[in-house]
Engineer: 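A single structure is presented below for examination.
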Amino acid sequence: MLNQQENIITLAEQFVRQALQSDYTGHDWWHIDRVRKLTLELATLEQADPFVCELAALLHDIADEKLNESKQQGLDRVRDWLRIHVSSMEILEHVMLIVATMSYNGGVNPRMETIEGKVVQDADRLDAMGAIGIARAFTYGGAKGRAMHDPQKVIASDVVDYRANDQTTLAHFYIKLLKLKDLMNTTYAKELAEQRHIFMEQFLQQFYGEWEGKR
C-alpha cells in the first residue's frame, strides 16, 4: 500500500511539474513544492492523513481558475487525473473536496470539512504571506500588467473581485493578503501566519516611506 501511494505521489509530481513549468505568475512548481512541504509538517502535527494531504497539495493549483478557462475545467482536469491513478473512490472524492474548496475566492468559500483540507488550505495561504507572499504578489501583478501602486486610487478592502486587473498590486494586500491571518485553521499555522503578517505590515510601512522619498 505504501509503495503504491509513493508511486502515485511521484506521478503527481511529474504531472504538476509539466503542467506548471511555464507559469510565471507565482503559481509555479516551487510554490507547489513549498506548500507540499508545509502541508506535511502540519499534517504530522495535526495527525492528518499524509497521503491525502500531500496529493491534494500537489494537485491544488491544477484546478485554479486563474490557470484555466473556468473553475470547472480545472476541477475536471484534476478528477480525470485522479480517475486514472487512484483506485479508492473515498480518497479521490476527499482530494476533490479539498481542491474544490480551498481557494480564497474572495473569502466566501465554505469552511473546510476535514482536518486534511484545513492543513492544505493553511499551507497554501501561508505561502501567500510573508516574504514569499510579497514576492509572489508582485510577480503575479507584473505578469498581469498591474501597476505596483497608484496613490490616486482609493484602496477598498471590501472588494469582492480581488483578481480584477484594475487593482494595483499594493491593493491586493488589503483586499486579500492582510486578511489571511484570521482565516487559518490550525494552531501552528496561526503562529506562522502571525509572524508573516507582521512582516507584511513592516514591508508596507517601508514601501510607503520609500514611495514618498522619506526613507
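Just so it is clear, the model here is predicted, and its values are computed rather than measured. The analysis underlying the following values was restricted to heavy atoms, covering all of them including side chains, and did not include hydrogens, waters or symmetry mates.
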Engineer: Determine whether a donor-acceptor pair (N or O, by modelled atom type, separation under 3.5 Å) exists between the side chain of K37 and the backbone of I32.
Structural biologist: no

Engineer: Looking only at heavy atoms, what is the nearest atom pair of R125 and S103, with distance?
Structural biologist: NH2-O, 4.1 Å

Engineer: What distance do L192 atom CG and L38 atom CG have between them, rounded to the nearest 0.5 Å?
Structural biologist: 6.5 Å

Engineer: Does D127 offer a backbone N or O that forms a donor-acceptor pair with the side chain of R136 under 3.5 Å?
Structural biologist: yes

Engineer: Hey, do the aromatic rings of H149 and Y208 have their centres closer than 6.0 Å?
Structural biologist: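 So the answer is yes for these two rings.
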
Engineer: Decide side chain to side chain contact (heavy atoms under 4.5 Å, CB included) for W29 and E13; before the verdict, give the C-alpha distance in whole Å, the side-chain angles of both, and the deciding distance to 0.1 Å.
Structural biologist: CA-CA 9 Å; W29 163 252; E13 287 180 3; 4.0 Å; yes

Engineer: Within this structure, what is the OG1-CD distance for the pair T186 and E41, rounded to the nearest 0.5 Å?
Structural biologist: 10.0 Å

Engineer: Would you say V35 ends up clustered with I8 if hydrophobic residues are merged whenever their side chains have heavy atoms under 4.5 Å apart, either directly or through other cluster members?
Structural biologist: no

Engineer: Can you find a heavy atom in the side chain of R36 that is under 4.5 Å from one in the side chain of C53?
Structural biologist: no

Engineer: Has the side chain of R196 got a donor or acceptor atom that lies under 3.5 Å from a matching backbone atom of L126?
Structural biologist: yes

Engineer: May I ask you to decide if the ring planes of F207 and F203 are parallel, tilted or perpendicular, using 30° and 60° as cut-offs?
Structural biologist: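 F207 and F203: tilted rings.
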
Engineer: Please report the shortest heavy-atom distance between L58 and A12, naming the atom on each side.
Structural biologist: CD1-CB, 3.9 Å

Engineer: In Å and rounded to the nearest 0.5 Å, what is the CG to CE distance from D122 to M102?
Structural biologist: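 If I round to the nearest 0.5 Å, the distance is 9.5 Å.
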
Engineer: Are I9 and W81 connected, step by step, through hydrophobic side chains (Ile, Leu, Val, Met, Phe, Trp, Tyr) whose heavy atoms are closer than 4.5 Å?
Structural biologist: yes

Engineer: Looking only at atom types and distance, does a side-chain atom of D28 sit under 3.5 Å from a main-chain N or O of H31, one as donor and one as acceptor?
Structural biologist: yes

Engineer: Please determine whether residues M200 and M148 belong to a single hydrophobic cluster, defined as Ile, Leu, Val, Met, Phe, Trp and Tyr linked transitively by side-chain heavy-atom distances below 4.5 Å.
Structural biologist: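 M200 clusters together with M148.
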
Engineer: Does the side chain of M184 come within less than 4.5 Å of E191's, by heavy atoms?
Structural biologist: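 Counting from C-beta outward, E191 and M184 never come under 4.5 Å.
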
Engineer: Tell me, do T168 and R146 make a side-chain contact under 4.5 Å, heavy atoms counted?
Structural biologist: no

Engineer: Taking all atoms of both residues into account, what is the closest heavy-atom pair of L177 and A137, and its distance?
Structural biologist: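 Heavy-atom minimum between the residues: CD1-CB, 4.0 Å.
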
Engineer: With a sphere of 6.0 Å drawn around CD of Q73, does it hold more than 12 non-hydrogen atoms of other residues, nucleotides or ligands?
Structural biologist: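 Buried by this count: over 12 neighbours within 6.0 Å.
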
Engineer: Other residues, nucleotides and ligands only: do more than 12 of their heavy atoms fall within 6.0 Å of CZ on F199?
Structural biologist: no

Engineer: Just verifying a value: how many Å separate T25 OG1 and K144 NZ, rounded to the nearest 0.5 Å?
Structural biologist: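 So the gap between those two atoms works out to 6.5 Å.
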
Engineer: Treat each ILVMFWY residue as a node, draw an edge where side-chain heavy atoms are under 4.5 Å apart, and state whether L40 and L55 are in one component.
Structural biologist: no

Engineer: For A123 and T39, which heavy atoms make the closest approach, and how far apart are they?
Structural biologist: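 Residues A123 and T39, closest heavy atoms: CB-OG1, 3.2 Å.
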
Engineer: Taking C-beta and beyond as the side chain, do N185 and V119 meet within less than 4.5 Å on heavy atoms?
Structural biologist: no

Engineer: F173 vs F138 aromatic rings, parallel, tilted or perpendicular, using cut-offs 30° and 60°?
Structural biologist: tilted

Engineer: According to a 4.5 Å side-chain heavy-atom criterion applied to Ile, Leu, Val, Met, Phe, Trp and Tyr, with indirect links allowed, do I134 and W211 form part of one hydrophobic cluster?
Structural biologist: yes

Engineer: Looking at A57, is its backbone amide N or carbonyl O close enough to the side chain of H60 to form a donor-acceptor pair, meaning the two atoms are under 3.5 Å apart?
Structural biologist: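 Indeed, once roles are kept as given, a pair shorter than 3.5 Å links the two residues.
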
Engineer: Output, in order, the C-alpha distance, side-chain angles, deciding distance and verdict of side chain to side chain contact (heavy atoms under 4.5 Å, CB included) for R79 and L92.
Structural biologist: CA-CA 8 Å; R79 184 176 289 277; L92 186 154; 3.4 Å; yes

Engineer: Which atom pair, heavy atoms only, marks the closest approach of G26 to T139?
Structural biologist: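 Answer, listing the atom of G26 first, then T139: N-CG2, 3.8 Å.
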
Engineer: Enter the distance from I62:CD1 to D76:CG here, rounded to the nearest 0.5 Å.
Structural biologist: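 Reported to 0.5 Å precision, the distance equals 13.5 Å.
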
Engineer: Got D80 and R83 here, is their nearest side-chain heavy-atom distance under 4.5 Å?
Structural biologist: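 Yes; the side chains approach each other to less than 4.5 Å.
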
Engineer: If only atom types and distance count, is the side chain of E116 paired as donor or acceptor with the main-chain N or O of D49 below 3.5 Å?
Structural biologist: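 Yes, E116 side chain to D49 backbone: donor-acceptor pair under 3.5 Å.
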
Engineer: Is there a side-chain contact between L59 and L82 in this structure, where contact means two heavy atoms from C-beta onward sitting under 4.5 Å apart?
Structural biologist: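 Side chain of L59 against side chain of L82, heavy atoms only: contact under 4.5 Å found.
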
Engineer: Rounded to the nearest 0.5 Å, what separates atom OG1 in T101 from atom CE in M112?
Structural biologist: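 Reported value, rounded in 0.5 Å steps: 5.0 Å.
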
